[in-house]
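Have a look at the structure below before the remarks.
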Protein chains: 2
Amino acid sequence: MKLSAKGEYGVRAMVMLALCYDDGPVPLREIAEKENISYQFLEQIFLPLRRAGLIDSVRGPKGGYALARAPGEIKVGDIIRALEGPIAPVDCVSEGKSDRCGRTEACLTRGIWEKLRDRMSQLLDEITLADVIGLSADST
Amino acid sequence: MKLSAKGEYGVRAMVMLALCYDDGPVPLREIAEKENISYQFLEQIFLPLRRAGLIDSVRGPKGGYALARAPGEIKVGDIIRALEGPIAPVDCVSEGKSDRCGRTEACLTRGIWEKLRDRMSQLLDEITLADVIGLSADST
DNA sequence: ATAAAGCTGAGTAAATTTATCGGGATTACC
DNA sequence: GGTAATCCCGATAAATTTACTCAGCTTTAT
Ligand code: FES
Ligand code: FES
């Protein structure tokens, strides 16, 4: 039930981009240094983020990455899904995968995973980058 | 964000034990066959479950495993924790681990993971084995 | 005594994760 | 037009974890 480093780094990097949202594109090297993440590994993380349309890139000197939309329009769930695939505690509750136990209809445990999946999705989709950088003192 | 096979098998096996709660101890070999899980792998799963006090074992012929308490007294969260360790999306929000990003105090993302951890824990602790085997038609 | 069962540490093959490498493609600036 | 900053991206390597297997022991009903 752990996030991979990819997901963790990705969220941290996106938070950083949110903080720099008005400063023009931020070069990857800078993010890597400030967040203490391998530059080349970060490159691999930014590729899917860009393909998911969450960030825009600018090439050449003065280039870098920037959020594709305002921080309030990007959900943490979007980032996780782009980097780790569909949110689901077991494969068989995430569309189009082989179900390990075969008995999809009769399976008693399926309901657990569906509920867990829904709660996880729901929480991650109700937190935007604006929430993360703005109000560290919001309740719940 | 996936459960390992260990966790998934473990929950399925425990559900099976819950179904057999009044029948005396169930031999592992039977569970392995019915649930289509490697017998030897299941042995490795039952060890931590027993050490966590969730099941009792009876040795010798006519032996096997049985739930240590009534199905209503065993939470799915108990099973997951016994098999996968503390529920937490990243290590640093689960007591006594090294925090990868170092800046525990200032870390903006920490709040996300704490909330996620709490929601996951909460859900898994509000579902007991009795819920799983009893009412497949409960809402939410 | 026998056989049915649990108990357990060590070992292993495959998969996944976490990077690293090497080079290419764009573009601001001079 | 040359240079250097920067993104782009497939291939590969190292490390770790997962999912099992093996071999042999202990307990106990019959
Ligand atoms: S665990 Fe997938 S349907 Fe049962
Ligand atoms: S991710 Fe652990 S404190 Fe920031």
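In the text below, chain A, chain B and the rest are named by the order of the sequence lines, each starting its count at 1. All of these numbers come straight from a predicted model, not from anything done at the bench.
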key: Distance in Å, A/Arg50 CZ paired with A/Ile45 CD1, rounded so as to fall on 0.5 Å steps   = 14.5 Å
task = Residues of residues 18-29 of chain A with any non-hydrogen atom less than 4.0 angstrom from an atom of DNA chain D: list those, numerically ordered, please.
result = A/Val26, A/Pro27, A/Leu28
message = Show every side-chain hydrogen bond (donor to acceptor under 3.5 Å, both in side chains) that has at least one partner inside residues 17-28 of chain A, sequence neighbours left out.
response = none
query = Between atom CG in A/Asp56 and atom P in D/dT6, what is the gap in whole Å?
reply = 18 Å
query = Heavy atoms under 4.0 Å, any strand shown: does B/Phe46 hit a base, just sugar-phosphate, or nothing?
reply = nothing
remark   = Between CG of A/Leu47 and P of D/dG10 the distance, given in whole Å, is 7 Å
note = Rounded to the nearest 0.5 angstrom, the CD1-CZ distance for A/Ile112 and A/Arg117 is 13.5 Å
inquiry  = Quick one about B/Asp118 and B/Ser121 (side-chain donor to acceptor, distance below 3.5 Å, no hydrogens or angles considered), yes or no?
reply    = no
inquiry  = Heavy atoms from C-beta onward define the side chain here; which of C/dT20, D/dA19, D/dC8 lies closest to that of B/Phe41?
reply    = D/dA19
ask   = B/Ser38 or A/Arg51: which one's nearest nucleotide on DNA chain D is closer to the 5' end?
value = A/Arg51
task = Figure out the CG/P separation between A/Leu3 and C/dT17, and round it to whole Å.
result = 11 Å
task = Mind calculating the distance between CG (A/Leu42) and P (D/dC7) to the nearest angstrom?
result = 10 Å
task = With rounding to the nearest 0.5 Å, note down the distance linking OG1 in B/Thr109 to OH in A/Tyr9.
result = 12.0 Å
request  = Give a yes or no on whether a salt bridge exists between A/Arg119 and B/Glu126, defined as a side-chain N under 4.0 angstrom from a carboxylate O.
outcome  = yes
Interatomic spacing from CD in B/Gln122 to CD1 in B/Ile127 - rounded to 0.5 Å = 11.0 Å
task = Give the angle between the helix axes at the two ends of the helix from C/dA1-D/dT30 to C/dC30-D/dG1, taking five base pairs at each end and rounding to 10°.
result = 10°
query = B/Ile45 CD1 to C/dT8 C1': how many Å, rounded?
reply = 15 Å
For residues 58-87 of chain A, tabulate all N or O donor-acceptor pairs below 3.5 Å that involve a side-chain atom, not counting sequence neighbours.
unit_1, atom_1, unit_2, atom_2, d
A/Arg69, NE, A/Glu73, O, 3.3
A/Arg69, NH2, A/Glu73, O, 3.3
A/Asp78, OD2, A/Lys75, N, 3.0
A/Arg81, NH1, A/Gly77, O, 3.3
A/Arg81, NH1, A/Asp125, OD1, 3.2
A/Arg81, NH2, A/Asp125, OD1, 3.4
A/Arg81, NH2, A/Asp125, OD2, 2.8
A/Glu84, OE2, A/Ser4, N, 3.2
A/Glu84, OE2, A/Ser4, OG, 2.7
A/Glu84, OE2, A/Gly7, N, 3.2

ask   = To the nearest Å, how far apart are B/Ile55 CD1 and C/dA5 C1'?
value = 14 Å
ask   = Hey, is the side chain of B/Tyr39 poking within less than 4.0 Å of OP1 or OP2 on D/dC20, counting only N and O atoms?
value = no
query = Counting just side-chain N and O atoms, does A/Tyr65 come under 4.0 Å of either OP1 or OP2 of D/dC8?
reply = yes
inquiry  = According to side-chain hydrogen bond (donor to acceptor under 3.5 Å, both in side chains), who are the partners of A/Ser57, at least two apart in sequence or on a separate chain?
reply    = none
request  = Identify the heavy atoms of A/Leu42 and A/Ala13 that sit nearest to each other, and give their distance.
outcome  = CD2-CB, 4.3 Å
Rounded distance in Å - CD (A/Gln44) to C1' (C/dT20) = 9 Å
request  = Grab the CD1-P distance between A/Ile37 and C/dT18 for me, whole Å please.
outcome  = 12 Å
task = Please name all residues satisfying side chain to side chain contact (heavy atoms under 4.5 Å, CB included) with B/Glu33, sequence neighbours left out, ordered by chain then number.
result = B/Arg29
message = Applying ring pair (Phe, Tyr, Trp, His ring centres under 6.0 Å) as the test, list every pair that has at least one member in residues 67-87 of chain A; sequence neighbours left out.
response = none
task = Go through the structure and list residues passing side-chain hydrogen bond (donor to acceptor under 3.5 Å, both in side chains) with B/Tyr39, not counting sequence neighbours.
result = B/Glu43
Please produce a list of atom pairs where a protein N or O lies less than 3.5 Å from an N or O of nucleotides 13-18 of chain D.
none

request  = Using a 4.0 Å heavy-atom cut-off, write out nucleotides 22-30 of chain C from 5' to 3' as B (base contacted by protein), S (sugar-phosphate only) or - (no contact).
outcome  = ----BBB--
ask   = So, for B/Lys2 and A/Ala88, which heavy atoms are closest and what is the spacing to 0.1 Å?
value = CD-O, 3.0 Å
